[in-house]
Colleague: 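This is the structure I have questions about; it appears just below.
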Amino acid sequence: MSDQSLAPRPVLTPLTKPFWDGAAEGKLVIQRCRVCAHFNHPPFVECTNCRSSDLGYEAVSGRGAIHQRAIVETPLAIPFDDLPYACLLVELDEQKHLLVAGNLVNASPYEARVGRKVEVVFETQPDGFVLPQFQLAADEAAA
Ligand SMILES: [Zn+2]
């Protein structure tokens, strides 16, 4: 049985805090360049497209497609022992190669196949910490 109270939490920095604050409000918030409008994720000190340091944050749709996935069937570390589960890299609809990590929820991990459409959902942990996760998009779940 998984004990999520033992799960490590991210250390918030000025760069990453807007992402986690957004999750706590039910929004997927991604860093965006104010000069060229490029999204950067993970957030970085300068735009990965034009190198500007004029960066802001904005909420995105949370919709995308599975770009890569790994299905974990063997316990790797406590408390991530609620097996099996699927780790995803999701390419968001907003921009090619804009990848966000999360697990597939509300479906068998074996439903995680490259190219399937997913949407973000927010999973509140027992300690109140909110994790962005992904579920199959409505049209995929019906397929
Ligand atoms: Zn830029």
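Counting starts at 1 for both ligands and their atoms, in listed order. Predicted model, so just to flag it, every value in this text is computed and none were measured. Counting begins at 1 with the first residue of the sequence.
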Colleague: Could you see if Leu98 belongs to whatever hydrophobic cluster contains Val118? Use Ile, Leu, Val, Met, Phe, Trp, Tyr and a side-chain cutoff under 4.5 Å.
Modeller: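 In one cluster: yes.
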Colleague: In terms of side-chain geometry, is the basic nitrogen of Glu58 or Arg32 positioned less than 4.0 Å from the acidic oxygen of its partner?
Modeller: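 A salt bridge links Glu58 with Arg32.
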Colleague: Residues two or more places apart in sequence or in another chain: which of them pass side chain to side chain donor-acceptor pair (under 3.5 Å) with Gln68?
Modeller: none
Colleague: Test of understanding: with side chain to side chain donor-acceptor pair (under 3.5 Å), list the residues that count as partners of Ser61, not counting sequence neighbours.
Modeller: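 With sequence neighbours excluded, Ser61 shows a side chain to side chain donor-acceptor pair (under 3.5 Å) to Glu94, given in chain and number order.
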Colleague: Spell out the protein N/O/S atoms under 2.8 Å from the Zn ion (ligand 1) as residue plus atom name.
Modeller: Cys33 SG, Cys36 SG, Cys47 SG, Cys50 SG
Colleague: Can you tell me how far the OH atom of Tyr57 sits from the OG1 atom of Thr16, to the nearest 0.5 Å?
Modeller: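 Output value for this atom pair is 7.5 Å.
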Colleague: Applying ring-ring contact (aromatic ring centres under 6.0 Å, His included), name anything that partners Phe39, two or more places apart in sequence or on another chain.
Modeller: none
